[in-house]
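One structure below.
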Protein chains: 2
Amino acid sequence: MSQTDTVSRILDAAEVLFAERGFTETSLRTITSTAGVNLAAVNYHFGSKKELIQAVFERFLTPFTDALESELDRRIASGQPLRVEGLLESLYRVGLGSLSERGLDPQRFMRLLGLAYTQFQGHLRRFIVSRYGESYRRFAGLLAEALPGVDPVTFYWRLYFMLGATIFTLSSYDAIEAILREDFGAQSSLQETLERLVPAASAMLKVEAS
Amino acid sequence: MSQTDTVSRILDAAEVLFAERGFTETSLRTITSTAGVNLAAVNYHFGSKKELIQAVFERFLTPFTDALESELDRRIASGQPLRVEGLLESLYRVGLGSLSERGLDPQRFMRLLGLAYTQFQGHLRRFIVSRYGESYRRFAGLLAEALPGVDPVTFYWRLYFMLGATIFTLSSYDAIEAILREDFGAQSSLQETLERLVPAASAMLKVEAS
DNA sequence: GCCAGAGTTAAACAACTGTTTTAAATGATG
DNA sequence: CATCATTTAAAACAGTTGTTTAACTCTGGC
């Protein structure tokens with residue numbers, strides 16, 4: 001088994017298990033036995049469990065932010081003014097499209113993102129902010145430009161409202177979808193849910209102060 | 001030290017520590033030493049750590065849902081038609097008011113609620129649904145009545161969007177507020193944040209399908 | 001005054017945690 | 001082919017976890 005093979009098998013297993021159970025609830029022994037590698041391989045290749053967690057996020061977030069940056073470049077190059085709906089569509093299309101192209105599961109991605117915010121791993125929050133903060137600020141800046149009437153503080157609170165609605169809903173997507181299917185017999189795909197989310201989140205961002 | 005004293009000291013300590021660190025990350029030894037009681041007291045009084053977690057939520061949720069039910073009764077008795085903004089205001093006012101009256105911290109309450117959704121404690125989700133599902137369905141039903149033009153499936157997705165925005169934002173309230181204070185020098189109280197949340201969430205619920 | 005039962009205490013339990021060690025095996029390079 | 005760093009393997013490490021035990025103290029009712 002080559003080195004890269006061992007490394008990516010560990011990442012594959014850790015990604016799935018972390019998304020299913022959380023970080024503390026997933027032991028290195030569970031990860032390595034699922035991956036079919038030796039227990040010591042984690043500490044050898046990654047150094048520690050913390051660094052493994054960060055590596056899992058890096059493999060997720062780098063293609064995502066790269067694709068988002070190119071998408072934003074494309075939109076800006078087109079010369080058309082940026083609208084709120086378009087920016088959110090870009091965000092969700094990139095999350096759905098570019099990740100699944102690379103064989104990454106977008107729901108797992110959202111579950112992991114939700115974990116990063118709610119589990120108490122200070123190192124992880126710091127890692128994400130330092131590595132991906134710039135992309136985040138760029139997107140937020142463009143969104144703010146598309147909302148000229150909204151004062152900055154109100155805008156930022158609404159940005160968090162939007163993030164909360166997105167991360168919370170998509171990270172529990174399976175559970176919510178199952179409830180709705182049982183109660184209404186209506187299936188909704190992830191795609192359809194995002195199509196509901198775009199106008200809803202846009203309305204929330206744009207609403208006139210009452 | 002009387003029995004009720006020991007029980008509530010354990011609940012007090014567990015409530016704070018769970019909200020700060022999560023369930024798995026908080027050991028019974030940390031709880032009991034913070035509470036100043038013996039380690040075995042948890043298993044003696046509550047049976048297990050799981051049941052202690054449920055007891056913490058019960059102490060939070062029962063006064064909250066009771067107060068929400070009375071508030072809804074009052075609104076209905078007033079005879080005025082129920083509007084979306086009014087229902088959300090009721091929800092938030094009860095969360096802010098009735099809890100702090102009893103000396104409970106509303107932010108801690110929200111952090112715990114967020115944990116209940118994102119940590120992987122199947123027993124906790126089941127406990128909350130079975131104990132408080134009826135209050136939840138009553139509130140959701142009234143909200144749906146105030147939104148006659150929205151089809152049921154869309155309504156339920158938007159309800160989850162709203163829950164996500166609320167729980168995510170308020171459970172990270174301290175962190176978000178600190179960032180905004182640093183970047184804009186503008187303080188916002190929890191009260192003010194809820195006043196921003198009411199129109200934003202209402203707009204999200206009411207938006208016409210595009 | 002005494003005694004049953006509730007409450008508390010310290011100690012020990014077995015299981016599990018992340019990490020390290022030591023030795024063997026592997027694989028590329030000269 | 002021999003060499004040496006890289007990689008794997010199994011075992012042991014020290015620490016923590018939730019839970020249980022058994023002896024102890026205290027209190028309220030007769």
Side-chain angles (χ1 to χ4, degrees), chain A residues 1-58 112 115-116 119-124 126-127, chain B residues 1-59 112 115-116 119-127:
Chain A
M1 193 183 299
S2 72
Q3 176 195 351
T4 58
D5 217 55
T6 299
V7 167
S8 64
R9 286 169 66 101
I10 292 173
L11 286 172
D12 288 342
E15 178 183 300
V16 172
L17 291 166
F18 284 155
E20 275 175 7
R21 323 179 183 184
F23 306 122
T24 318
E25 295 81 356
T26 305
S27 72
L28 292 182
R29 282 167 182 81
T30 310
I31 293 171
T32 50
S33 69
T34 306
V37 303
N38 187 268
L39 168 62
V42 169
N43 286 281
Y44 178 79
H45 286 291
F46 297 94
S48 66
K49 188 181 181 182
K50 284 187 181 183
E51 287 165 288
L52 169 62
I53 294 174
Q54 295 177 1
V56 167
F57 274 81
E58 190 161 30
L112 289 171
L115 285 186
Q119 304 251 99
F120 302 84
Q121 306 268 343
H123 71 96
L124 181 55
R126 268 176 269 127
F127 169 78
Chain B
M1 193 183 299
S2 72
Q3 175 195 350
T4 58
D5 217 54
T6 299
V7 168
S8 64
R9 287 169 67 102
I10 292 173
L11 286 172
D12 287 342
E15 179 183 300
V16 172
L17 291 166
F18 284 155
E20 274 175 7
R21 323 180 182 184
F23 307 122
T24 318
E25 294 83 356
T26 305
S27 72
L28 292 183
R29 281 169 183 79
T30 310
I31 294 171
T32 50
S33 68
T34 305
V37 304
N38 187 269
L39 169 63
V42 169
N43 287 280
Y44 178 78
H45 286 290
F46 297 95
S48 66
K49 189 181 180 182
K50 282 186 183 184
E51 288 165 288
L52 169 62
I53 294 174
Q54 295 177 2
V56 167
F57 274 81
E58 190 162 30
R59 197 174 62 155
L112 290 171
L115 285 185
Q119 304 252 99
F120 301 84
Q121 305 269 344
H123 70 95
L124 182 55
R125 207 183 273 235
R126 268 176 269 125
F127 169 78

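Note that the coordinates shown come from a computational prediction; the quantities given were computed from them, not determined experimentally. Order of the sequence lines fixes the chain letters, A, B, ..., with proteins taken first and strands second; residue numbering starts at 1 for each chain.
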| Partners passing side-chain contact (heavy atoms from CB on, under 4.5 Å) against B/Leu39 (at least two apart in sequence or in another chain) | B/Leu28, B/Arg29, B/Thr32

| message | Rounded to whole Å, please give me the gap between CG in B/Asn38 and C1' in C/dT8. | response | 6 Å

| task | List in chain and number order the residues that pass side-chain contact (heavy atoms from CB on, under 4.5 Å) with A/Ala41, two or more places apart in sequence or in another chain; answer none if no residue qualifies. | result | A/Thr6, A/Ile10, A/Val37, A/His45

| When every nucleotide of nucleotides 15-25 of chain D is labelled 5' to 3' by its protein contacts under 4.0 Å (heavy atoms), B for base, S for sugar-phosphate only, - for none, what sequence of letters results? | --BBBB-----

| remark: Sequence neighbours excluded, the answer for salt bridge (charged side-chain N to carboxylate O under 4.0 Å, His left out) partners of A/Glu51 is none

| note | With sequence neighbours left out, the residues meeting side-chain hydrogen bond (donor to acceptor under 3.5 Å, both in side chains) with A/Asn43 are none

| field | Under 4.0 angstrom between B/Thr6 side-chain N/O and C/dT8 OP1 or OP2 | value | yes

| query | To the nearest 0.5 Å, what is the distance between CD (B/Glu25) and CZ (A/Phe23)? | reply | 10.0 Å

| query | What is the distance, rounded to the nearest whole Å, between atom CD1 of A/Ile31 and atom C1' of C/dC16? | reply | 15 Å

| field | All side-chain contact (heavy atoms from CB on, under 4.5 Å) counterparts of B/Thr34, not counting sequence neighbours | value | B/Ala13, B/Leu17, B/Thr30

| task | Give the rounded distance in Å between these two atoms: CD1 of B/Ile10 and P of C/dT9. | result | 10 Å

| task | Compare side-chain N and O positions of B/His45 against OP1 and OP2 of C/dT8 and report whether any pair is under 4.0 Å apart. | result | yes

| query | In whole angstrom, what separates A/Asp5's CG from C/dT26's C1'? | reply | 15 Å

